[in-house]
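The structure appears below as structure tokens.
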Number of protein chains: 2
Amino acid sequence: MRQIKHPNIDQVELTDIMYALSDPTRLEIVGQLANAGRKMTCGEFDLNRPKSSLSHHFKILRAAGLVETLIEGTEHMNALRVAEIEQKFPGVLQSVLTALNKS
Amino acid sequence: MRQIKHPNIDQVELTDIMYALSDPTRLEIVGQLANAGRKMTCGEFDLNRPKSSLSHHFKILRAAGLVETLIEGTEHMNALRVAEIEQKFPGVLQSVLTALNKS
DNA sequence: TCTATTGTTCGATTATATTCGAACAATAGA
DNA sequence: TCTATTGTTCGAATATAATCGAACAATAGA
């Protein structure tokens, strides 16, 4: 598997996004990614979970179209698909990120 | 039980809201409520589910702070807590409603 | 007081999610 | 080619959610 498959943005449902963002760990991942403003490897996140658990959460974030993962060597670089999500669901991700940074 | 208890808006977590909105039936309820622009009884919703199932979904919407239910006689009048939610999580509910009406 | 109406609660079933250790796969670099 | 690094996948256990019929509760109105 050379690169990981991601859903096309048209295929992403609002319920998928809501579901992905309903878990504290995943919300944390999304928040850290947004605040970093750059691609991050899975290991870079400040979360205290075994890697198999994190891998599971990244899988759900990818399926929801929120995160894009590019393989670079042995590392997997994760990026938020902000622009696409914003285009399809204006304001949804932005307002969630704003709420995250307030709490 | 004279009136139903609702959470104070301070106690509402973002994850609760995301979770409540991750279910198609509940999203439908929220959408119909918003579009109606008025209080609605449970029976008024155009959903094809047994009442025990609907009652379950309303319970979750209430717990998430999204819906307020006032008992009037034998009817339960449901209203969206738009203003409070908007105050605490600006843009979140609005953008979801906008997305709902596009699909 | 009896009955119809409107929802909630209960209980059981089925379906989905979460969690995490262990094994596996892909790659970089020695 | 061997090894370390980075994640994924597998499998099994546990937890949480959805579904819905049946019984129950509260009220209005006859």
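As a basis for the values below, the full set of heavy atoms in this structure was taken, side chains included, without hydrogen atoms, waters or symmetry mates. Nothing here was measured: the structure is a model prediction, and the numbers come from that model. Just so it is clear: chains get the letters A, B, ... in the order the sequence lines come, proteins before strands, and each one is counted from 1.
B:Ser55 has a side-chain polar atom (N or O) that falls below the 4.0 Å cut-off from OP1 or OP2 of C:dT8. OP1 or OP2 of C:dT8 sits under 4.0 Å from a side-chain N or O of B:Arg62. Proximity of A:Tyr19 to the phosphate of D:dA17: no side-chain N or O atom is located under 4.0 Å from OP1 or OP2.
With contacts defined as side-chain heavy-atom distances shorter than 4.5 Å, the pair B:Ser55/B:His76 does not qualify. At a threshold of 4.5 Å between non-hydrogen side-chain atoms, the residues A:Ile17 and A:Leu93 do not count as touching. Taking the side chain as every heavy atom from C-beta outward, A:Val96 and B:Leu14 approach each other to under 4.5 Å.
The base of D:dG21 lies close enough to the side chain of B:Ser52 for a donor and an acceptor atom to sit less than 3.5 Å apart.
Nucleotide D:dA18 is matched to C:dT13 when pairs are restricted to Watson-Crick or G-U wobble geometry with both distances under 3.5 angstrom. Checking D:dC10 for Watson-Crick or G-U wobble geometry (two distances, each under 3.5 Å) identifies C:dG21 as its partner. Partner assigned to C:dA30 is D:dT1, using Watson-Crick or G-U wobble distances below 3.5 angstrom.
Each of A:Gly73 and B:His56 was matched to the nucleotide of DNA chain C holding its nearest heavy atom; the match closer to the 5' end belongs to B:His56.
Looking only at atom types and distance, the side chain of B:His6 has no donor-acceptor partner in the side chain of B:Arg62 under 3.5 Å away.
If you check every strand for non-hydrogen atoms under 4.0 Å, B:Ile60 touches sugar and phosphate atoms only. Using a 4.0 Å heavy-atom cutoff across all strands shown, B:Thr41 reaches sugar-phosphate atoms only and no base atom.
Regarding B:Met77, its CE atom lies at a distance of 12 Å from the P atom of C:dT6, rounded to whole Å. Nucleotide D:dG7 holds its P atom 8 Å from the CZ atom of A:Phe58, rounded to whole Å. Spacing between atom CZ of B:Arg49 and atom C1' of C:dT8 amounts to 19 Å, rounded to whole angstrom units. Straight-line distance from the CE atom of B:Met40 to the P atom of C:dG7: 11 Å, rounded to whole Å. What separates NE2 of B:His57 from C1' of D:dT19 is a distance of 8 Å, to the nearest Å. The separation between A:Ile4 atom CD1 and C:dT27 atom P is 12 Å, rounded to whole Å. The NZ atom of A:Lys59 sits 15 Å away from the P atom of C:dT19 (whole-angstrom rounding). B:Lys39 places its NZ atom 16 Å from the C1' atom of C:dT6, with the value rounded to the nearest Å.
Comparing C:dT8, C:dT27, D:dT8 against the side chain of A:His76 picks out D:dT8 as the nearest. Closest approach to the B:Arg2 side chain among C:dT6, C:dT18, D:dT27 is made by D:dT27 (side chain taken as heavy atoms from C-beta onward). Closest to the A:Thr74 side chain, of the nucleotides C:dT5, C:dA26, D:dT19, is C:dA26.
Under a hydrophobic-cluster definition in which Ile, Leu, Val, Met, Phe, Trp and Tyr are linked whenever side-chain heavy atoms come within less than 4.5 Å, directly or via other members, B:Leu100 and B:Leu66 are assigned to the same cluster.
With salt bridges taken as basic N to acidic carboxylate O contacts below 4.0 Å, one links B:Glu44 and B:Arg38.
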